[in-house]
Amino acid sequence: MSFLKKNKILSSFKWMGAYSILNAILTPVTLAILVLFLTPTELGERSIVMVIVGLSATLTQFGIAQAIISREEVLDEELDTLFIFNIIIGCFLCLLMFFIAPLISQFYHNKDLTHLIRLTSIVFVLDPMSVMFSAILEKKFLFKMVATFNIIKVVILNLSTLLFATMGLGSLSYIIGQILSSIILFFLFFIYFLRREQWRPSFSFNISILKSFLSFGLFVSGKEFLNFLGKYFDEIIVGRILNVEILGYYYVAKQLIEKSVTLISSNVNKVFYPLYSELVKKKDGYQSLKSQYLLNSTIVSLVGFPIFGLLIINTDLIIDFLDSDWKKINLVIIIFSCKAMIDIVSSGFASSALYALEKPKEVFKIDLILFPIRIALITIGAFISIEMVAGFFALFVLVKALILQRKLNFFLNISMRRYLKSIMINLYVNLIFTSALFFTIHIVGESIVFNIVLSILYLLGSLSVTGYFNSKKNNLRDFSGKFFTRRAS
């Protein structure tokens, strides 16, 4: 098998980048508009519904997508079995969520949640239908189609949510939009496979085939489930210990920042994971993976640091677009922006590299050991304030990032000093630019137009200076160069 050509990699980054940028713009804008039509309590209910949607995406995948991508070849019979298995799991989880909906409503002391959760449970059946199609295309680096279909989905989701919200449907607006966009996504994949791909779903099931896939997928799924609980546990606890209304405030602050992090990291990882999986198959696989990982860390921090540094400085500008009552989330936004800088270069990318090295068990063990600590910190914070919840959350992410990085360093023979060197230039430059922007805004003035002009100059200046210094230090290679030496495996 010949190695992937550079244009396929570049195309993957381009299309997934386009999807990330569009989603990163649409989602916060949609949320900011929804604040005008929904009450904090309704936004809190939306938060709980999104936890259910996130649970669906986590459990129904069952690590199958990663298992497919990591395989050299997957037969049609194997794909049929995995497709049927995913649908069976989705139907089971749908029924389970339907019957436990009243218990979740009692947990939050909110009777309205019962019918909202039952309606949301439909996504447990819809999501698995698209997982297989997406994994097959990602394995072939056909990210153009994956990104195109998901762009259509996210546009429909956001526009329909806003439409139904303006019609006065409240919390139902997001649920209906989610169901509608999931149905459309499935049909887009299905029609494409009918016309272009050799494999088409059929009702063929062989239970013996599952064993080899599940042996890999179970650890990935376990890790993803622990990540899911850790990611949403703060919202679950804030809604329970405080109340659904305060959860609404916390949810808006978190989503304004976290959504951008998730969109950047998850979509970049969609490209990085298949890329890393191909690199380790080379004769000098570990060395190739080591070089590419350090390069990726430099590139992602070069782009990510100035974006979230800008959010820290312009928190007041964000609040101005909302209502005066939302000023209470100012500090929470700043804390989540600091956390985002850690997220953007840490655990997600290290996990992808460890998966490529076929070390899913190592990642799962780290998550399993750290999980109780995460739960304890967030619970303690919830008894104090939402600011403390965000602060403890950020502290935990830093600790986990360091542990995962040390584990990857061990396998790739990277010193922590060498890893930090790949991102420190970007950090130092952005600290200088962020400090300069902060003092300029507060000394000269705080008009919206002035802030926007300075922010644009900040981004351009920061990217130019960090790009220059990284090039001089040979940390940043030209993307127009070769990604791989053309060899046969």
Side-chain angles (χ1 to χ4, degrees), residues 23-56 101 104-105 107-123 153-182 231-232 234-260 262-263 311 315-333 336 382 386 389-390:
N23 214 342
I25 294 172
L26 276 181
T27 304
V29 169
T30 299
L31 184 58
I33 296 174
L34 285 176
V35 169
L36 304 176
F37 293 96
L38 304 183
T39 66
T41 299
E42 288 175 327
L43 288 166
E45 292 172 348
R46 184 178 189 266
S47 168
I48 296 167
V49 166
M50 287 194 68
V51 172
I52 305 299
V53 173
L55 182 63
S56 168
I104 299 175
S105 298
F107 179 82
Y108 286 108
H109 307 294
N110 188 320
K111 294 180 180 180
D112 293 337
L113 285 174
T114 299
H115 73 276
L116 294 176
I117 293 171
R118 283 178 169 171
L119 184 59
T120 306
S121 66
I122 296 174
V123 300
K153 177 189 176 181
V154 77
V155 169
I156 292 173
L157 171 61
N158 285 278
L159 291 181
S160 59
T161 298
L162 288 176
L163 174 64
F164 295 132
T166 57
M167 293 170 60
L169 294 182
S171 303
L172 280 172
S173 58
Y174 174 75
I175 301 173
I176 299 173
Q178 184 68 45
I179 293 172
L180 178 63
S181 60
S182 294
K231 179 180 178 180
Y232 290 107
D234 55 330
E235 296 178 31
I236 296 171
I237 290 301
V238 167
R240 169 63 180 175
I241 294 179
L242 298 173
N243 58 56
V244 176
E245 181 181 1
I246 294 178
L247 171 60
Y249 287 107
Y250 179 83
Y251 164 76
V252 170
K254 180 182 177 182
Q255 287 300 306
L256 286 173
I257 307 301
E258 291 283 286
K259 200 65 178 177
S260 299
T262 302
L263 292 169
L311 288 173
T315 304
D316 291 336
L317 186 62
I318 297 173
I319 298 298
D320 287 341
F321 283 103
L322 305 177
D323 192 82
S324 58
D325 290 340
W326 292 89
K327 288 188 176 181
K328 61 183 71 175
I329 65 172
N330 195 311
L331 181 56
V332 181
I333 293 177
F336 274 119
I386 56 176
V389 173

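This structure is a prediction, so every number in the text was calculated from the model and none was measured.
The distance from atom CD1 of Ile237 to atom CD1 of Ile241, rounded to the nearest 0.5 Å, is 5.0 Å. Rounded to the nearest 0.5 angstrom, Ser47 OG and Tyr174 OH are separated by 10.5 Å. Interatomic distance, Leu116 CG to Glu45 CD, rounded to the nearest 0.5 Å: 5.5 Å. With rounding to the nearest 0.5 angstrom, the NE2 atom of His115 is 9.0 Å from the OG1 atom of Thr120. With values rounded to the nearest 0.5 angstrom, Ser160 atom OG is found 5.5 Å from Leu180 atom CG. Once rounded to the nearest 0.5 Å, the distance linking CD1 of Ile236 with CD1 of Ile104 reads 9.0 Å.
When ring centroids are compared, Phe164 and Phe37 stay outside the 6.0 Å threshold.
In this structure, the side chain of Ser182 does not engage the main chain of Ile179 through any donor-acceptor pair within 3.5 Å. Side-chain atoms of Glu235 never come within 3.5 Å of backbone atoms of Tyr232 as a donor-acceptor pair (strictly under, hydrogens ignored). Between the Ser173 side chain and the Leu169 main chain, no donor and acceptor come within less than 3.5 Å of each other.
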Requested in this report: Tell me, with the steps shown, if Val35 and Leu43 meet side chain to side chain contact (heavy atoms under 4.5 Å, CB included).
Outcome: CA-CA 8 Å; Val35 169; Leu43 288 166; 4.2 Å; yes

Query raised in the report: For Leu31 and Arg46, what are the C-alpha separation, side-chain angles and deciding distance, and is it a side chain to side chain contact (heavy atoms under 4.5 Å, CB included)?
Result: CA-CA 11 Å; Leu31 184 58; Arg46 184 178 189 266; 4.0 Å; yes

Query raised in the report: Please walk me through it: do Tyr250 and Asp234 pass side chain to side chain contact (heavy atoms under 4.5 Å, CB included)?
Result: CA-CA 9 Å; Tyr250 179 83; Asp234 55 330; 2.5 Å; yes

Report task. Go through the steps for Val332 and Ile257 under the test side chain to side chain contact (heavy atoms under 4.5 Å, CB included), then give the verdict. Result -> CA-CA 10 Å; Val332 181; Ile257 307 301; over 6 Å; no

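Closest approach of Ser105 to Lys111, counting heavy atoms only: OG-O, 4.2 Å. Contact between Val238 and Ile386 at its shortest, heavy atoms only, is CG1-CG2, 4.2 Å. Closest non-hydrogen pair, Tyr108 versus Val244, comes out as O-CG2, 4.1 Å. Contact between Leu157 and Gln178 at its shortest, heavy atoms only, is CD1-N, 3.4 Å. In plain terms, the two heavy atoms of Glu245 and Thr41 that are nearest each other are CB-OG1, 3.7 Å. Closest approach of Asn158 to Leu26, counting heavy atoms only: OD1-O, 3.7 Å.
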